[in-house]
Peer 1: 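Please find one structure pasted underneath; my questions will follow.
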Amino acid sequence: MVLIRRYFIFALCFSVSVLGFSVAALADSEKSTDHAVQEHHPSEGHPGSYEAPLPVELSTNPDLCAYVPCHDVFPNADYFSPRKGRPSYVEAYRNKKHGQLENGHHEDADSRELIGYAFLSTDIVDIPAYSGKPVVTLMGMDVTGKIVGVKVLRHSEPILLVGIPEGELTKFIKQFVGKYAWDKLEIGKARAEGGYIGIDAISGATVTVISENQVVMRCAYEIAKQVGIIKAVPRPQAKFTSVLAQYSWDALLAEGSIQHLMVSPSDVGMNNTGKPYIDLYFGYLNAPAIGRSILGERNYDGLMAELKPNEHAIFIIANGAASFKGSGFVRGGIYDRIQVSQDMDSFTFRDTDYRNLYSIKATGAPEFSESAIFIIRSTSYSAAYPWSLVFLGNKMDKQTGTKTFANFDREYWLQGRYLEGGRPVVVKAEPVWLKIWKSRIWQIVAFTAILIFTAVIYANRDWLVRRSSRKDKRWVSIPKYAIWLASIGFIGFGLMAQPSITQVLTWFHSMLFQWKWELFLSDPFIFIFWLFIIISVFVWGRGLFCGWMCPFGSLSELFYKIAGKIGLKRFQFTPNSVLHERLKWLKYGIFWGLLAVSFFSMGLAEKLAEIEPFKTTFLVGLFNRSWPYTLFTASLLGLSLFTERPFCKYLCPLGAALAMPTTFRWFGLKRKQECTTCSACAAGCGSLAIDKQGVIDHRECMLCLDCMILYYDDHACPPLSKERKLRVKSGLPLTPINAAGYYIPIYPVPLKGTDE
Amino acid sequence: MKPTIHDNNPSYAEATGIKWLVYEMVDHLWPWSKEGWRHHKAIQTAGLALAVAATVAWGLAASGKLGASAVIGWWLGWSIYEIVIRLQCKPYIKDGPWWGHHYRPAGRMDMICYVMFKNLLIGAVLFIVLRNLGLLQMVN
Ligand code: SF4
Ligand code: SF4
């Protein structure tokens, strides 16, 4: 016994040190790769792209391929041009003559042939992945529109750092090679209708792969369209009604015929100055009522006379620190801060598309410092359908100084009364999170059913514990064990929906800095699980999740129970109360430590959160990781054979985070007066949650309900048992036990006719 | 569940309706008590100074002159002080549903959890309001 206790302390210390070692080793290996990166090439020789440092000039320098390994996506190219176009791309050339060239940049253009285009995702789209940050991807596409290479330069996806090997990501992106820019790819099985091509997901990283699919295909499409591989598809043009009235500015704004787009300095990573970065209003001018109201009769007629069929005019006025025309604009160039997008098409403006706008005729229009009329010349644009004005900004990361492309847009859709036949029916693309929910609907239903079942069972605990006794706890244990099995098998291994402290840290940050519902909705199981956890913690305390539903907690306690049944009971022990009282604070320290670290570096906090063995157990598999992780998890599970839930009691930061609000749980467990002196429940409490005064520490309690069974058991609860014996001895009936845990008292009823 | 010790109950525990709600709200925002003041004058005075400093920090944040990390730092410092002072002045916390009138004596951990959680909520509300007004300089 003593030996085992020593093993317990040793194993706990060992587990923590193994983890410390592995995290240090991980950090070390990262350090050395960081160094290698700086010494050589920004991305070459970089085995891991998690938070890989990228050069500050990456988003701005014309020579893109001096900073990223373009040869990795175009191995047979001999020369890459400077950045071109908007959004930008580089052209890849091969020498017509064979032989090594000394300096490709000075080679004669005639001796080269164009073989394709290379482009960087952050130049084209602004699609965040699970971490809320983009996966920076370099792509190559040949002149026929076929994708020939894809390489991830940097990502911030925690799951690919500590859970799923990065090789999985490499395998995933290889699936894009050979696909065409216009292909419709979907994660999972190909759908029969609609011509979709299915590609394999990375299990456990659904959100990452869905967003990466969007990134790659959207970028390829944009560039293919820009270089003329994909031809413009005409849209049915709008026919205007003859509404001729003129409206005030406010009326147009209220009905949505003028839209407002504001970008604050903090949106682009700058310090607040009290002034917006840009504050602009815009609207569509061809519709007679709007055009006349904004420009006045004469100017409107003049503008319309100038426009050819299928040409459209929009106006923009703006205030703010930035200019929508852009300071770099030169005659003959492209306005690079503004564009119009409609579905997958985008329309940029050249100086020939610009007209002066001197004043707004609509009454009540605001003052402005900048104004313009732009002309869209494309049959692919139609005012009958929704479109967006996009302000193209650069967002600066204050920590690294790197700029990433960030766009801000506002939708515009002409009112139905200005369109003959009203607005056409538009089927909008579903948001990514909704697609995920729909694709997993049956699993979501089953998962929700398990949660509801658990809540209903626990809400009826009084009924269950009254039917149980210390010797026969089946009423409680059968549903609980069933829930444990569902939780381990279905929720843990099947859905990989083990909640984690990293999610709590992400919330803290999102709450304080930027809340994105899409981010949380993108994992339906974790989202629903957290709703359940938050509600149940405030209603009953953390015990319902920890004691009944947590996949790892259930696995750990199941190990303990099975070990007891297969003959290891004599080796099983409970840590002594002095040691327990000291060690239980460790988990709170770990939680606060992680929270503090996360404010300085989320990446480091995520690495340190490896103290949770959840990823090793459920997401990656015990034997799919490097040995320190496997050893750490195996030690914890091994220890669980001999003592109940060692990880939950002393190390789990998630348990600690949930224990704190448990202080305010609405409904606690029952106690009676005698509990203060009787230690029967305390002796049977596997969580060591009952102190010498009989007080339950709800933060430590796993709601196993053992003490509640005792509370009503007149053969086990000492005061109740005493009362039972007394009543039996004196021939009094055994009345039912009331909610306070006592026999309903017997009051003698005075006989009729006797003197009061 | 600890049996309620009525000596530790706040004086307004028996009040009802709006009056009780107002008392509750003041109690959440004001950690000092007359009783505590008499016994711990020095620590109370230091606390008052800290409270003023924390309020000024929020004020500066509201006028766009203080970064988010500085506000978090101040708020954390204040929260630690509030735990200490509440343990001396108002050593009880609510027991059971928030709409109930049961209180229990607060242990150290109870108080840490109560203050941290309450201040997290207050902080988050102020933070979100300031950020949406575009007044707070974000660190991220
Ligand atoms: S303490 Fe941690 S591992 Fe244990 S049940 Fe709770 S969340 Fe799960
Ligand atoms: S015996 Fe009672 S106090 Fe202990 S864990 Fe079970 S329910 Fe909680």
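Order of the sequence lines sets the chain letters (A, B, ...), proteins ahead of strands, with each chain counted from 1. As the structure is a computational prediction, the values presented were derived from the model and not from experiment.
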Peer 1: Using non-hydrogen atoms only, which part of A/Trp540 is less than 4.5 Å away from chain B: side chain, backbone, both, or neither?
Peer 2: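 It is neither, since no heavy atom gets under 4.5 Å.
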Peer 1: Aromatic rings B/Phe117 and A/Phe538: how do their planes relate, parallel, tilted or perpendicular, breaks at 30° and 60°?
Peer 2: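 Rings of B/Phe117 and A/Phe538: tilted, as their planes differ by 30° to 60°.
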Peer 1: Quick one: pull up CG in B/Asp95 and CH2 in A/Trp666 and give me the separation to the nearest 0.5 Å.
Peer 2: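 Rounded to the nearest 0.5 Å, the CG-CH2 separation comes out at 14.0 Å.
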Peer 1: Just wondering, do A/Phe664 and B/Trp98 contact through their side chains at under 4.5 Å, heavy atoms?
Peer 2: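 The answer is no, as the side chains (C-beta and beyond) never meet within the 4.5 Å cut-off.
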Peer 1: Can you tell me which portion of B/Leu76 sits under 4.5 Å from chain A's heavy atoms? Options are side chain, backbone, both or neither.
Peer 2: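 Answer is neither: B/Leu76 stays 4.5 Å or more from chain A.
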Peer 1: Give a yes or no on this: more than 12 heavy atoms of other residues, nucleotides or ligands lie within 6.0 Å of atom CD1 of B/Ile18.
Peer 2: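 It does not: B/Ile18 CD1 has 12 such atoms or fewer within range.
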Peer 1: Between OH of A/Tyr588 and CE of B/Met109, what distance do you get to the nearest 0.5 Å?
Peer 2: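 The CE atom of B/Met109 is 4.5 Å from OH of A/Tyr588, to the nearest 0.5 Å.
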Peer 1: Are any of the side-chain heavy atoms of A/Thr663 and B/Lys94 separated by less than 4.5 Å?
Peer 2: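 A side-chain contact is absent here, since even the closest heavy-atom pair is not under 4.5 Å.
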Peer 1: Quick check for you: to the nearest 0.5 Å, what is the distance between A/Arg699 atom CZ and B/Asp110 atom CG?
Peer 2: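 Nearest 0.5 Å value for the CZ-CG distance: 4.5 Å.
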Peer 1: Other residues, nucleotides and ligands only: do more than 12 of their heavy atoms fall within 6.0 Å of OH on B/Tyr23?
Peer 2: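 Result for OH/B/Tyr23: open.
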